[in-house]
Amino acid sequence: MSAPTPPRLRFAPSPTGYLHVGGARTALFNWLWARKTGGTFLLRTEDTDKARSTDESTAAIFRGLEWLGLDWDEDVVYQGANVARHKADAERLVENGSAYLDFTTVVELERLRADADARKEPFRFDRRLARWTPDEIAQKLAAGEPYTIRFRVPDGTTAWDDIVHGRISFDNKEIEDFIVLRSDGTPIYNLAVVSDDIAMRITIVMRGDDHISNTPKQILLYQALGAPLPQFAHVPMIHGTDGKKLSKRRDAAAVGDWEYKGILPTAMANFLALLGWSPGGDLEVMMPEEMLAHFSLERLHRKAAIFDTQKLEWMNGQHLSRRPLEEVLPRVTDALIRHEVATAERLAADPAWTAHLVDQLRVRARTIEEVVTQARPYLLDEIEYDDAAVAKALLKDRAASADILHATREALVNAPAWTAEALEPALRTLAESRGLTAGKIFTPLRVAVTGLAVSPGIFDVLTLIGRERSLERLARTLDMLATTT
Ligand code: GLU
C-alpha cells in the first residue's frame with residue numbers, strides 16, 4: 001500500500017483590512033495540519049475586489065502571519081492575477097452546457113427583484129428568462145450586448161461530509177442559477193475560489209463556517225469543471241464574551257493590536273489554537289511543538305468559540321515565564337525603551353544585569369506592559385509609590401513601620417557586603433531579635449525600595465537596585481513617615 005498523499009491546504013484572506021484574529025486562527029489550523037502531516041500550506045490573497053483590496057492590507061496580513069510563526073510554502077498566489085483562467089473556466093462551463101449566457105438587463109433584474117419584494121418572496125432568477133435561440137444569442141453578441149454567465153444549477157441535492165460538521169446537505173432547489181462571470185468579464189467569488197483551489201491542487205478546504213452556504217455552489221462548480229472534490233472543514237466563528245460576533249471597532253480584533261500590547265507570538269498562537277479546538281484533558285498551555293504534537297482535525301469544535309481577553313493575558317503570563325529568556329528579552333527591552341523607562345545604552349551597558357532583571361520580573365507578569373511597570377524601580381532614579389501598597393504596608397501603623405524600617409536600614413548599612421548572602425542573615429537576625437516573622441520586615445522594605453506591592457524576592461530586589469539607591473529610598477520613606485500626617 002502506498003503512503004497517503006500529504007494534504008495541500010491554503011489560507012485565503014481578502015486583503016481588505018488587518019489580519020483579524022478569526023483569520024489568524026483559521027490560518028493556524030491550516031498550518032498546523034499541513035506541518036503535522038508533512039503537507040503543504042499555501043497562501044492566496046483574494047484581491048479580486050480591487051476597490052477594497054490594498055497593498056498595505058496584504059503586507060499587514062503577511063506580517064501578522066510571520067509574527068505568529070506561520071510560514072507558507074511556494075509562492076503567494078494573487079487571485080487577481082488569475083482572472084484570465086477564471087474567465088476561461090466560465091467559458092468552459094458554457095461550452096459543456098453547465099452554464100449559459102444571460103442577457104437580462106440590469107433594469108429588468110431590478111424590476112423582477114422589486115416584484116418579488118412586493119410579494120414578500122425571496123428573489124430567485126428564473127432560467128426561463130434566458131431562453132434565447134442560438135441565432136438570437138449570435139445577434140446579441142454581434143450587437144455587443146452585455147451579458148453575464150450563469151451557472152445552470154442541476155436538480156437534486158448537493159451534500160458533503162464535512163470534517164467538522166459531518167454530513168451537510170442542500171436541496172438544489174434552494175440554490176438559484178448563480179452568476180459566475182459578471183458582464184465586465186470579472187469572476188464572481190465562488191468561481192474564483194474554485195478555479196484557484198483546483199489550480200493549486202488543494203485537497204482540504206478549511207475555513208470559517210460562515211462559508212458553509214457557499215460550499216454547495218462550489219461543489220457544483222467542481223463537478224461541472226470535472227475536478228476532484230477537496231474535503232471541507234468548516235471551523236467555528238469567534239465571538240466576544242458577550243456572545244456577539246467580534247467587532248473590529250469594539251474588540252481588539254486585529255492580531256497586530258495584541259503584538260503592540262506586548263503579547264508573545266507563541267502565547268497568541270496557543271490562545272488562538274484553543275478557539276475552536278482542544279487537545280483534550282486539562283491541557284491548555286502549549287508551546288508550538290506541543291500544539292503540533294496534539295493537533296487533530298477530530299477535535300475541532302462545532303460551536304462558536306469565545307474570545308476572552310483575560311484568558312489571553314493569563315496565557316501570555318504562562319508563556320512569559322516558560323519561553324527561553326533570549327526570546328523574551330528583546331521584546332521587553334524594546335518596550336522599556338519605547339516607554340522611556342531605560343535607554344538602549346543603559347540596558348546594553350550591563351547585559352547580565354538586564355537579563356537577570358527581566359528574568360526575575362517575567363515570572364510575575366502577564367503582559368510585557370506589566371514587566372515594564374515592574375521594572376521602573378530598578379531603572380529609574382525617581383520612583384512612584386503605589387498608594388494602595390503604601391497604605392497597606394506602611395501607613396496602618398505609622399510608628400511601628402518607621403521603627404522597623406529604621407532598624408532594617410541600620411542592619412543593611414552594617415551588613416558586611418551588598419550581596420544576598422550577606423544581607424539575608426542580617427535581616428533574619430533582626431527579625432528574630434524582634435520576635436517578628438521575616439515577612440513583617442520584608443513587606444515594608446519592599447514597598448520602601450520599589451514603591452510596589454509585588455516584586456521578586458527581596459534580596460534580588462536589593463541587589464538589583466543597589467546599595468546606594470536602596471538606602472536612599474529607605475531614608476526618604478522614613479522622612480515621609482515622620483513628616484506627613
Ligand atoms: N477570502 C475568503 C475570506 O476571507 C476565504 C475563502 C475561503 O477560504 O474559501 O473569508
Side-chain angles (χ1 to χ4, degrees), residues 7-34 39-54 56-62 64-65 68 70 72 76-83 85-86 89 158 160 162-165 168 178 180 186-222 225 227 229-239 245-248 253-255 272 275-276 297 300 304-305:
R8 287 172 67 84
L9 300 108
R10 76 336 185 245
F11 174 52
S14 307
T16 54
Y18 296 105
L19 178 61
H20 186 268
V21 288
R25 184 285 318 264
T26 303
L28 174 65
F29 285 175
N30 278 283
W31 179 88
L32 281 167
W33 192 242
T40 307
F41 174 60
L42 303 173
L43 186 55
R44 175 172 80 228
T45 70
E46 308 219 304
D47 54 348
T48 42
D49 184 348
K50 290 287 172 226
R52 292 176 65 224
S53 305
T54 65
E56 293 79 59
S57 167
T58 305
I61 291 171
F62 291 2
L65 293 173
L68 283 168
L70 307 184
W72 54 90
V76 173
V77 172
Y78 292 86
Q79 188 160 66
N82 296 328
V83 171
R85 168 166 39 69
H86 304 150
D89 279 343
T158 303
W160 73 97
D162 196 272
I163 291 174
V164 179
H165 294 265
I168 299 184
F178 55 94
V180 289
T186 59
I188 285 289
Y189 165 75
N190 280 315
L191 175 69
V193 168
V194 170
S195 180
D196 287 351
D197 281 338
I198 294 172
M200 291 162 76
R201 290 175 289 116
I202 297 302
T203 60
I204 300 180
V205 170
M206 182 160 20
R207 58 184 171 201
D209 63 17
D210 50 340
H211 284 287
I212 285 182
S213 61
N214 285 319
T215 305
K217 293 181 185 170
Q218 295 186 7
I219 289 177
L220 290 169
L221 287 173
Y222 276 96
L225 289 167
L229 283 183
Q231 284 184 289
F232 292 93
H234 287 97
V235 296
M237 293 285 100
I238 299 175
H239 291 174
K245 249 184 113 165
L246 277 194
S247 109
K248 288 200 183 168
V255 168
L272 289 175
L275 297 176
L297 300 181
L300 289 172

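When a ligand or atom number is given, it counts from 1 through the structure's own listing order. Values below: every heavy atom of this structure, side chains too, minus hydrogens, waters and symmetry copies.
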Relative to atom 10 (O) of ligand 1, which among H211, Q218, R207 owns the nearest non-hydrogen atom? H211

Any idea which of E46, R10, H20, H234 brings a heavy atom closest to atom 1 (N) of ligand 1? E46

So does R10 pair up with D196, basic N to acidic O under 4.0 Å? no

For atom 5 (C) of ligand 1, the protein heavy atom that lies nearest, with its residue and separation: A12 O, 3.3 Å

Would you find a donor on one side and an acceptor on the other, under 3.5 Å apart, between the side chain of [X] and the backbone of [Y]?
X    : Y    : value
S53  : D49  : yes
T26  : R207 : no
D162 : H234 : yes

Return yes or no for this condition: an N or O of P13 is under 3.5 Å from an N or O of ligand 1. no

Using a plain distance cutoff, I'd like to know if S14 has any nitrogen or oxygen under 3.5 Å from a nitrogen or oxygen of ligand 1. yes

Does the residue M206 have a heavy-atom contact with ligand 1, meaning some pair of atoms that are separated by less than 4.0 Å? no

Would F178 and L221 count as a side-chain contact (heavy atoms from CB on, under 4.5 Å) here? Give the steps. CA-CA 11 Å; F178 55 94; L221 287 173; 4.1 Å; yes

Y222 vs F232 aromatic rings, parallel, tilted or perpendicular, using cut-offs 30° and 60°? perpendicular

I need the contact type for Y189 against ligand 1. Using non-hydrogen atoms and a strict under-4.0 Å cut-off, is it side chain, backbone, both or neither? side chain

